[in-house]
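Okay, structure first, notes after.
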Protein chains: 2
Amino acid sequence: MADDRVRRVTSADVAREAGVSRATVSYVLNDTPHQSIPAETRRRVLEAAARLDYAPSAAARTLRSGRSDVVLCLLPDWPVGPEVGALLGNLSAALARRGMTFVAHPSTREDRPIAEIWKAITPAAVLAFEDLSAAEIAAMRAAGVASLVALLGRSRRRPGELEVPQQRVGRLQAEHLAALGHPRLGYAYPDDPRVAIFAEPRRDGARAACAGLGLPAPVSRTVPLDGAAAAAVVRDWRDAGVTAVCAYNDEVALAVLAGLRACGLTAPGDLAVIGVDDIVAARLADPALSTVTTDQAALAEYLAATIVEVIHGRPAPPGPGEDITRVVRRAST
Amino acid sequence: MADDRVRRVTSADVAREAGVSRATVSYVLNDTPHQSIPAETRRRVLEAAARLDYAPSAAARTLRSGRSDVVLCLLPDWPVGPEVGALLGNLSAALARRGMTFVAHPSTREDRPIAEIWKAITPAAVLAFEDLSAAEIAAMRAAGVASLVALLGRSRRRPGELEVPQQRVGRLQAEHLAALGHPRLGYAYPDDPRVAIFAEPRRDGARAACAGLGLPAPVSRTVPLDGAAAAAVVRDWRDAGVTAVCAYNDEVALAVLAGLRACGLTAPGDLAVIGVDDIVAARLADPALSTVTTDQAALAEYLAATIVEVIHGRPAPPGPGEDITRVVRRAST
DNA sequence: CTGTTAGCGCATTCAT
DNA sequence: ATGAATGCGCTAACAG
């Protein structure tokens with residue numbers, strides 16, 4: 001096996017090149033306090049490092065410190081849309097500002113145990129979008145890896161679990177429709193069982209809002225991402241006296257719009273529809289889709305701050321303000 | 001700073017628990033060939049490891065072997081849609097099958113040098129979706145990190161660059177429309193400058209197809225993701241005698257459909273439209289959008305195979321078959 | 001004040 | 001089946 005790889009440049013190489021010891025190299029490169037290095041030596045070391053393209057081995061550094069500056073995010077099995085994409089980007093930026101490196105691992109269908117993944121990375125913390133078993137959490141703790149679960153929005157939040165307002169999304173939808181005078185709402189539940197972890201709190205939020213306003217609970221129906229199938233659900237809702245529906249997300253909402261078209265009906269006159277996420281297609285739909293959007297940058301900032309606290313064994317900061325989520329009204333309601 | 005973290009379980013702990021040496025532990029746990037360990041000892045070691053929840057330190061292992069089994073993907077700045085999401089998921093699975101761990105880093109707007117990122121991970125290989133500078137490639141080589149660039153689909157592919165058929169996408173669109181008898185095509189170019197790296201080869205492909213069929217070059221126009229703005233472009237195309245357009249992707253195609261609606265026109269009668277990606281909203285659009293789709297699983301398999309070869313310093317395998325990309329015809333053409 | 005020596009952290013592997 | 005060396009960087013203790 002031809003291994004033509006160049007031998008790594010190590011701190012010893014830099015030391016030799018600069019004519020100093022490895023310790024000195026380390027002190028200079030890390031700006032170690034309480035170690036006064038003359039400017040001249042300093043310069044020689046820095047130049048040597050630059051000349052040799054020196055890159056400290058993260059492995060050695062991690063081994064020594066027992067701690068890497070990497071945050072690993074375990075992505076769920078379900079398809080990540082642009083909203084999650086945006087959240088990840090913002091999270092990456094927010095953590096970079098705090099000196100950490102963010103990476104995400106798309107979960108594999110043929111599920112290897114998540115342990116294999118974090119063991120390969122040795123992150124300072126693991127951020128999951130789905131539940132972690134107690135055994136998994138214990139194993140990570142034992143390895144010095146902090147773990148936290150985000151975006152669940154359970155009512156009863158467990159320790160080390162982040163508060164992210166999923167219920168609020170559903171509540172805003174229902175309140176918006178109720179304020180427009182709709183007395184009886186429907187809920188368009190997603191067909192994909194993998195997203196139940198998001199869908200349930202959202203639907204619960206809509207239900208709670210109705211209860212709070214003295215309206216009957218929303219008529220929940222599963223809506224496939226298919227015009228013909230959605231049409232049947234639309235007829236069902238209309239038979240039940242539903243005049244407006246909250247959809248799990250914009251895609252499901254678009255399916256409802258397609259169903260309406262297939263019935264020869266239109267929104268909002270025959271049935272008002274509101275989605276979640278504000279994807280590009282929502283704006284371009286006919287009619288343009290009302291939706292609920294979340295400020296991903298603010299959410300990312302909160303998650304990043306929490307991660308840093310948890311890594312240091314400190315309590316999580318208070319959740320983000322409720323105002324990061326709001327309704328965007330368009331033609332469909 | 002309260003550091004209540006539990007000390008890591010190391011191979012020394014397992015050795016003590018099993019009453020053997022660390023070397024023996026290593027041999028047993030790695031199934032090292034040419035080292036006959038009695039079944040009894042073997043069992044003791046495995047049991048001790050299980051009892052203690054032993055997790056070998058990836059950092060130490062990487063340090064020792066000089067090779068990690070992590071592949072780092074540098075995501076581009078532009079928004080990743082569900083197609084890229086699917087690709088990443090498949091890639092993760094394909095690499096897992098080959099014993100590697102895949103992670104992705106969403107690039108931050110406030111770009112820190114990419115060196116900081118791979119240095120923090122020490123991957124075996126870096127997969128980028130955008131160009132890497134010669135200096136960056138050199139630095140990675142020096143650190144023993146293989147690098148490769150994917151999805152560019154430049155005509156002239158540089159060494160270590162993957163072949164992924166972007167031009168083919170544009171070619172299929174144009175050929176589809178030409179086969180339907182459209183003599184003069186338009187090209188709907190995206191508004192977002194960040195996606196130019198994809199958009200250019202696609203448009204080039206459409207242009208090449210037209211040239212090959214003896215048609216005039218497509219009339220290329222930038223189409224904002226906005227109905228009103230798109231309407232102006234639609235009028236422009238019709239004035240130019242264009243009867244069908246290839247769109248950069250489904251979102252741009254949806255914008256064209258919205259533009260048509262705003263003009264009181266419809267597809268395909270007044271203007272045929274075909275997108276790329278087959279997003280959910282394409283199927284649900286009015287009219288349902290024709291599009292070009294790529295078999296992400298096959299593409300991921302090819303990328304994974306290539307990555308493994310490059311890591312071992314071997315030449316890249318031949319590109320994936322052309323048939324991984326195909327037209328899905330719906331009502332818009 | 002400047003810079004060095006020595007040993008640690010952990011798993012792997014050669015030679016005994 | 002084991003002791004000892006190895007890979008690399010960090011840092012306490014120490015010498016010039």
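Each chain gets a letter, A, B and so on, in the order the sequences are listed, and its residues count up from 1.
B/S26 comes within 4.0 angstrom of a nucleotide base, judged by non-hydrogen atoms across all strands. If you check every strand for non-hydrogen atoms under 4.0 Å, B/S57 touches sugar and phosphate atoms only. Using a 4.0 Å heavy-atom cutoff across all strands shown, B/R64 reaches at least one base atom of the nucleic acid. Note on B/V25: nothing from the nucleic acid sits closer than 4.0 angstrom, heavy atoms only.
Between A/R42 atom CZ and C/dC1 atom C1' there is a gap of 15 Å when expressed in whole angstrom units. With rounding to whole Å, A/E40 atom CD is found 12 Å from C/dT2 atom P. Going from atom CG of A/D31 over to atom C1' of D/dC10 covers 15 Å, rounded to whole Å. When the C1' atom of D/dC10 is taken as reference, atom CG of A/D69 falls 15 Å away, rounded to whole Å. Computed from coordinates, the A/R22 CZ to D/dA13 P distance equals 19 Å when rounded to whole Å. Regarding A/L63, its CG atom lies at a distance of 17 Å from the P atom of D/dT6, rounded to whole Å. What separates CZ of B/R43 from P of D/dA1 is a distance of 13 Å, to the nearest Å. Rounded to whole Å, the distance from CZ on B/R16 to P on C/dA11 is 12 Å.
Residue A/T41 has a polar side-chain atom (N or O) positioned under 4.0 Å from OP1 or OP2 of C/dG3. A close approach under 4.0 Å does not occur between any side-chain nitrogen or oxygen of A/S21 and OP1 or OP2 of C/dG3. Side-chain nitrogen and oxygen atoms of B/Y27 include none within less than 4.0 Å of the OP1 or OP2 phosphate oxygen of D/dT2. Taking 4.0 angstrom as the limit, B/T24 places a side-chain polar atom (N or O) nearer than this to OP1 or OP2 of D/dT2. Not one side-chain nitrogen or oxygen of A/N30 sits closer than 4.0 Å to the OP1 or OP2 atom of D/dG9. Within the structure, a side-chain polar atom (N or O) of B/R61 is placed less than 4.0 Å from OP1 or OP2 of C/dT12.
In this structure the side chain of A/L299 reaches within 4.5 angstrom of the side chain of A/I324, judged on heavy atoms.
Side-chain atoms of A/T62 come within 3.5 Å of backbone atoms of A/A58 as a donor-acceptor pair (strictly under, hydrogens ignored). In this structure, the side chain of B/H105 engages the main chain of A/F102 through a donor-acceptor pair within 3.5 Å.
When each of D/dG9, D/dG3, D/dC8 is scored by its nearest atom to the side-chain atoms of A/P56, the top-ranked nucleotide is D/dG9. Of the candidates D/dT2, C/dT2, C/dA11, the closest approach to any side-chain atom of A/P38 belongs to C/dT2. Proximity note for B/V20 (side chain, C-beta onward) versus C/dG3, C/dC10, D/dT2: the nearest is D/dT2.
The pair A/R42-A/E47 fails the salt-bridge criterion, with no side-chain N (NZ, NE, NH1 or NH2) lying under 4.0 Å from an Asp/Glu carboxylate O. Using a cutoff of 4.0 Å between basic side-chain nitrogens and carboxylate oxygens, B/E40 and B/R43 are scored as salt-bridged. Contact check on B/R97 versus B/E301 returns a salt bridge, with a Lys/Arg side-chain nitrogen under 4.0 Å from an Asp/Glu carboxylate oxygen.
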